[in-house]
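Structure, as structure tokens:
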Amino acid sequence: MEQLGELELLMEKSFGEETTLPADLFQKKVVSSFPKTVLTQGMDNRYLVLAVDVVQNEEGNHEKQLIITASQSLEYKERCILRNDWCSIPVEPGDIIHLEGDCTSGTWIIDEHFGYLILYPDMLFSGTSIASSIRCMRRAILSETFRSSDPATRQMLIGTVLHEVFQKAISDSFAPEKLQELAFQTIQETKHLKEMYRLNLNQDEIKQEIEEYLPSFSKWAGDFMHKDTSADFPQIQLSLPTNGSKNNSTCNIEVVNSVDIEESIWSPRFGLKGKIDVTVGVKIHQGSKTKYKVMPLELKTGKESNSIEHRSQVILYTLLCQERRADPEAGWLLYLKTGQMYFVPANHLDKRGELLKLRNQMAFFSFHRISKSVSGQKTQLASLPQIIEEEKTCKYCSQMGNCALYSRAIEQQMEHNSVPVVMLPKIKEETQHLKLTHLEYFSLWCLMLTLESQSKDNKKNYQNIWLMPTSKMEESGNCIGNLIRTKNVKAIGNGQYLHHFQRKNGSIPVTNLMAGDRIILSGEERTLFALSRGYVKGITMTTVTCLLDRNLSVLPESTLLRLDQEEKNCDIDTPLGNLSKLMENTNVSKKLRDLIIDLQEPQFIPYLSSVLPHNAKDTVACILKGLNKPQRQAMKKVLLSKDYTLIVGMPGTGKTTTICTLVRILYACGFSVLLTSYTHSAVDNILLKLAKFKIGFLRLGQTHKVHPDIQKFTEEEICRSKSIKSLALLEELYNSQLIVATTCMGINHPVFSRKTFDFCIVDEASQISQPVCLGPLFFSRRFVLVGDHQQLPPLVLNQEARALGMTESLFKRLEQNKNAVVQLTVQYRMNSKIMSLSNKLTYEGKLECGSEKVANAVIILPNFKDVKLELEFYADYSDNPWLIKVLEPNNPVCFLNTDKVPAPEQVEKSGVSNITEARLIVFLTSVFIK
DNA sequence: TCTCTGCCTAGAGGA
């Protein structure tokens, strides 16, 4: 922002001290928090708050007055007055807000009758999240933070299946035999079978429970759909805000059709997002008049509570619907157990406004996760919303552990903190198994992860997708607009649809988008924003193929579409979830806390004979024959370990071979193994080697990310080829495999909720951050980390997080325990001269060549003499005798100093480049190839 | 000073 001078002037002149940030802080906040937010007016208006003042109006009531601007130059200022409850919104100078309502002569008035203020509108919150905040705001925030702590339950599975059956039926038929068929078909889907496995349920019981609901489905359809005359439809007392009359009137309700299923909507106007179970077309017959409305229908399978939470969800959906079509003003809440349907009006006054205020509170807490302490510049985690004083509510809360942990480890360490006294014993009880060191570890990692996630957030401009026109976005290379659908949409199964697109005129512009990238598909029209998500399957000069989560064939063929790259959503959920799990009061977590946080010395058993099964001895001996000495030591160490082993894989020492051999030995001994790494390619490299040894394995993870030769071992492929349609078959698959392979992040898979492995092997461990590396370790008795901390550490972008120690991998941390470490020192990649370089610089002379052959190997250049001769024709060759030294096979290492060439570096947007050095390398390579 | 990879996700219900 270049207008600092003006801004400074503005702040000094217009506003009172207590509400004004110093200009430099103000500028810093705006730049770091809202990079490139385009201030605009109109439908998607974005205002910057310049100043906040609380004043008393004529009636003696408090109101908040904001000075705001929607002009990038900060030139045109407007006022916004917040009255009544809106006055309590925690809005500060430097914040970005969105306003709904009327602006009369430069003044917006938001009160209980009209208008909304949306704080940080580009943060979208889901309907369920906001609804859950009604009871406990703290829990809503904790649930967003520690997503994986909310456990899966039987009721949830039943709910999901019933939703699906109803959704299929409404676009097909509610005839009893059809419903039976749909139910049967649905519980055979792999995704549901996997959940049944996770929860250790019985498929027949689930089927029976589903079937109990079906008569109510038919009853509802009989009541509300397909009748002869309008008078036959059920009567409901209702009033719609725009109907004029304020009184309830009796109407007959007819559900005509389903307009959409699982419609997914993002609303950058209200700062909301969500999925609508069923979007229904409804005829409201009132006397002789009939009104047709498209409205949200929310399905519930639990108790018929008609609770505020349920109704609130519907009300929020009426706001979401406005992104696509006219305000529905009301929605429906249907309880599938009884077939009872409730009318939910969404008045401005007491309903929508209240919920948006809650949304604003959530936005405030989500935005302010970090605080600088008042005294110094110390960065720390901020307090969460207050703990409520309702033991009843807390009793069943799935976030209780995190709530107590956060209070104890973070909030109670602050100067000012207030915990309800009645809750103190509960917090103590929940955390009494933790030592101070554990609380400190949690607090530090929580802070570092939060810092890191924020630094990444700053780089992404998520809101560009909705605030920037296609033409502008295309320049960045992350968007392709002006597309039309070609060919038919193909349903691939498990909710994926293959789409083909073509530029309406001309070819696809220059783009960053590649196969495998996650994308968001929108129509060019505003009402078709974020219709579907998916990923690019293939891209050519003229066409793009995508796998999307919705079938877009319902749209007219001429609809202009655009693809936006989905901003890389840096995964803070997995590491935070692992961190929270590490603090749980379980034996597995306790052991890991002892080993990792308190660095308890790892134990080993003395004799191999006690672990090696008798019948495996010969096989193991045979496998060991092919190994060098340090590799054999590594095998032995792992077999003897009771806790963990670290294998240092120095460059060229056959790390992959070692892991592969280790797996073979463990397999031969009958141990179950979990094989993981940070990247898919590292996992597959091991599997490619392993595939030769008749070892059965199950590769988890998205099939398209897996190496083509390994894809036949992925779960998806196995389920398809073996046609797995029952829980029994799935269980057989999961239980028969000894080796399970996946990335460290892929640990959310149902197998892990029921299986414990004897060993977990983590490759690339020195490049993985601690809380991520932790994930797979919960599922095994012992673990082996393979890595080399002399090579790259985990990537940490945030400077503060780096300073706090976030680049320390688990591998490096545990390396302090020397007795757990084996070093692979025999290498096969480099001759002795090349080796001595890294050996002297970093490996303390520990590296050795695998054989004489390796030590003395030199490059064979069959045309060396000819090329030399040829080069002598070039004048600059004889002028530059350095080149002969480079080519000379007996001179395998040489340094080329490019300082005087000159070869200056160039700073570019994504790093540094050196064109001259690149040219030299191309030249040298081409000469070598010759 | 440099390195850039993983995740399907909003809502399934309980009180």
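- Within 6.0 Å of atom NZ in A:K812, 12 or fewer heavy atoms from other residues, nucleotides or ligands are found, so the atom counts as exposed in its surroundings.
- Contact check, A:H192 against B:dA12: no side-chain N or O comes under 4.0 Å of OP1 or OP2.
- Counting non-hydrogen atoms of other residues, nucleotides and ligands closer than 6.0 Å to CG of A:L837 gives a total above 12.
- One can place CZ of A:R533 at 12 Å from C1' of B:dC7, the figure rounded to the nearest angstrom.
- Taking only side-chain atoms of A:H163, from C-beta outward, the nucleotide of B:dA15, B:dG13, B:dC7 with the closest atom is B:dG13.
- No engagement by A:T153 is indicated, since no non-hydrogen atom pair under 4.0 Å with the nucleic acid exists.
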Base-pairing string, 5' to 3', of DNA chain B - Watson-Crick or wobble, under 3.5 Å, | interstrand: ...............
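- Counting any heavy atom pair closer than 4.0 Å across all strands shown, A:Y317 reaches sugar-phosphate atoms only and no base atom.
- Remark: A:T743 is in phosphate contact with B:dC7, judged by side-chain N or O atoms under 4.0 Å from OP1 or OP2.
- Spacing between atom CG of A:L272 and atom P of B:dA10 amounts to 13 Å, rounded to whole angstrom units.
- Contact annotation: A:R147 side-chain N/O to B:dC7 OP1/OP2 distance is not under 4.0 Å.
- In this structure, A:G127 reaches the sugar-phosphate backbone alone: every heavy-atom distance under 4.0 Å involves primed, P, OP1 or OP2 atoms, never a base.
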Evaluation steps, salt bridge (charged side-chain N to carboxylate O under 4.0 Å, His left out), between A:K655 and A:D788: CA-CA 10 Å; A:K655 209 171 50 123; A:D788 177 5; over 6 Å; no
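- Remark: the separation of the C1' atoms in B:dC8 and B:dA12 is 15 Å, to the nearest Å.
- Under the salt bridge (charged side-chain N to carboxylate O under 4.0 Å, His left out) criterion, A:K303 pairs with no residue, sequence neighbours left out.
- Between B:dG11 and A:T128, a contact under 4.0 Å exists linking OP1 or OP2 to a side-chain N or O.
- Between the CZ atom of A:F166 and the P atom of B:dG13 there is a distance of 13 Å, rounded to whole Å.
- Nucleotide B:dC8 holds its P atom 13 Å from the CD atom of A:E195, rounded to whole Å.
- With rounding to whole Å, A:L299 atom CG is found 8 Å from B:dA12 atom P.
- For A:Y342 and A:H310, the ring centers sit 6.0 Å or farther from each other.
- Put simply, the residue from A:K191, A:K168, A:E164, A:H192 that forms a side-chain hydrogen bond (donor to acceptor under 3.5 Å, both in side chains) with A:T186 is A:K168.
- Nucleotide B:dG11 holds its C1' atom 16 Å from the CD1 atom of A:I158, rounded to whole Å.
- Within 4.0 Å of A:T393, counting heavy atoms only, lies no atom of the nucleic acid at all.
- Looking at heavy-atom distances under 4.0 Å, A:D277 makes contact with sugar-phosphate atoms alone, never a base.
- Both A:K273 and A:K303 lie near DNA chain B, and the one whose nearest nucleotide falls closer to the 5' end is A:K273.
- Within 4.0 Å of A:Q767, counting heavy atoms only, lies no atom of the nucleic acid at all.
- Among the atoms of the strands shown, only primed sugar atoms or phosphate atoms (P, OP1, OP2) are found under 4.0 Å from some heavy atom of A:K275.
- Atoms CD (A:Q399) and C1' (B:dG14) sit 14 Å apart, rounded to a whole Å.
- When the C1' atom of B:dG13 is taken as reference, atom CD of A:E298 falls 12 Å away, rounded to whole Å.
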